[in-house]
Amino acid sequence: MVKRYASAALGDGFKKLGHAFFQRPALALAPDLIGTILVRRVQGKKYRVRIVETEAYVGAHDLACHASKGRTRRTEVMFGPGGRAYVYFIYGMYEMFNIVASVEGDAQAVLIRAAEPLDGWEADLSGPGKFTRALHITRTQNGIDLTGSDIFLLNDPSYQPQLAATKRIGVDYAKEWKDELFRFLDAKSSAVSKRPPAKSRRRPRQVTE
DNA sequence: GCGTCGATGGCA
DNA sequence: GCCATCGACGCG
C-alpha cells in the first residue's frame with residue numbers, strides 16, 4: 001500500500017551535513033537523524049526522503065551490533081571513520097543501509113529503518129528492506145562517503161519531529177542489550193516500519209521537548 | 001487487524 | 001545454524 005504524504009514543496013536552502021555531524025556516538029547521531037533529508041542520486045534521477053526511524057548500534061560490546069563478531073570483511077567499514085555507508089545483505093533478500101558513526105576504530109552505526117518520500121514521489125519506505133529497495137541502494141554502495149554526490153544528507157531546521165524511543169526490532173538474541181531503547185522514531189509520521197505494541201503506543205517515551 | 005510462516009543466501 | 005525482513009495467508 002503506497003501512502004500519500006502532504007508535504008509542501010521544498011526549497012533547496014538546506015545545509016548539507018558534513019563529517020563532524022556523523023563522527024559522534026551513534027546514540028547522539030540516531031535521534032538527530034530523525035527529520036533530516038536524505039538525497040539519493042541514481043540513474044540520472046534524484047530522490048529525496050525524510051528519515052523517520054533509526055536504530056543505534058553502539059559498538060563492539062553491543063551484542064546486537066555486527067561489530068561484536070569482530071573485525072571481518074563484512075564489518076570492516078564500521079571500524080572506519082563516521083560518515084560512510086555500511087550496507088549489508090540479510091535474510092537472503094534484503095539490503096540494509098546504515099550510516100557509520102563515531103571515529104576510526106570505534107565501530108558504531110545507525111540503521112535507517114524508515115522514511116517518507118518527498119517531492120510528490122509515491123513510495124513505501126516503511127521498513128529497512130523497502131527503504132533500500134526503493135532507493136536502489138545495494139552492497140555496491142558499501143563504504144561510500146555520505147558527504148559525496150550519490151547519497152548525502154541535508155538538515156531541515158523547519159521540521160520538528162516528535163521524537164520517541166523504543167527497543168530495537170529483531171534483536172532478542174542480544175542478551176542484556178536487547179531491551180535498550182536505541183530505536184528512535186518520529187511519532188508524527190505514519191511511515192514508521194512497525195507500530196509499537198498497543199501498550200507503549202499510547203505513551204511513547206519522550207526523549208526531547 | 002494480528003499472528004504465523006516460508007523464502008533465501010551470506011556469514012561465522 | 002543463525003539472521004537488524006517482508007509479504008502472503010488464515011483467522012472469524
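The sequence lines fix the lettering, A, B, ..., with proteins before strands; numbering per chain opens at 1.
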Send over the distance from L181(A) CG to dA4(C) P, rounded to a whole Å.
-> 19 Å

N-O pairing of D150(A) and R41(A) below 4.0 Å = no

Any strand: nucleotide that pairs with dA4(C) via Watson-Crick or wobble, under 3.5 Å | none

Select base, sugar-phosphate, or nothing to describe what R74(A) touches, counting heavy atoms under 4.0 Å on all strands.
-> sugar-phosphate

Answer yes or no: is there a donor N or O on one side and an acceptor on the other, between the side chain of N98(A) and the main chain of Y86(A), under 3.5 Å?
-> yes

Between the protein and nucleotides 4-7 of chain B, are there any N/O to N/O pairs under 3.5 Å, and if so, what are the atom names and distances?
none

Between R139(A) and dG9(B), is there a side-chain N or O to OP1/OP2 distance below 4.0 Å?
-> no

Test item: D62(A) side-chain N/O and Y57(A) main-chain N/O as donor-acceptor pair under 3.5 Å | no

Evaluate the side-chain proximity of S102(A) to R24(A): yes if any heavy-atom separation is below 4.5 Å, no if none is.
-> no

When rounded to whole Å, the NZ to P distance for the pair K130(A) and dA4(C) reads 19 Å

For the pair R50(A) (side chain) and G35(A) (backbone), establish whether a donor and an acceptor sit closer than 3.5 Å, ignoring hydrogens and angles.
-> yes

Find the partner of dT8(B): check Watson-Crick (N1-N3 plus N6-O4 or O6-N4) and G-U wobble (N1-O2, O6-N3) distances, both under 3.5 Å, and reply none if neither fits.
-> none

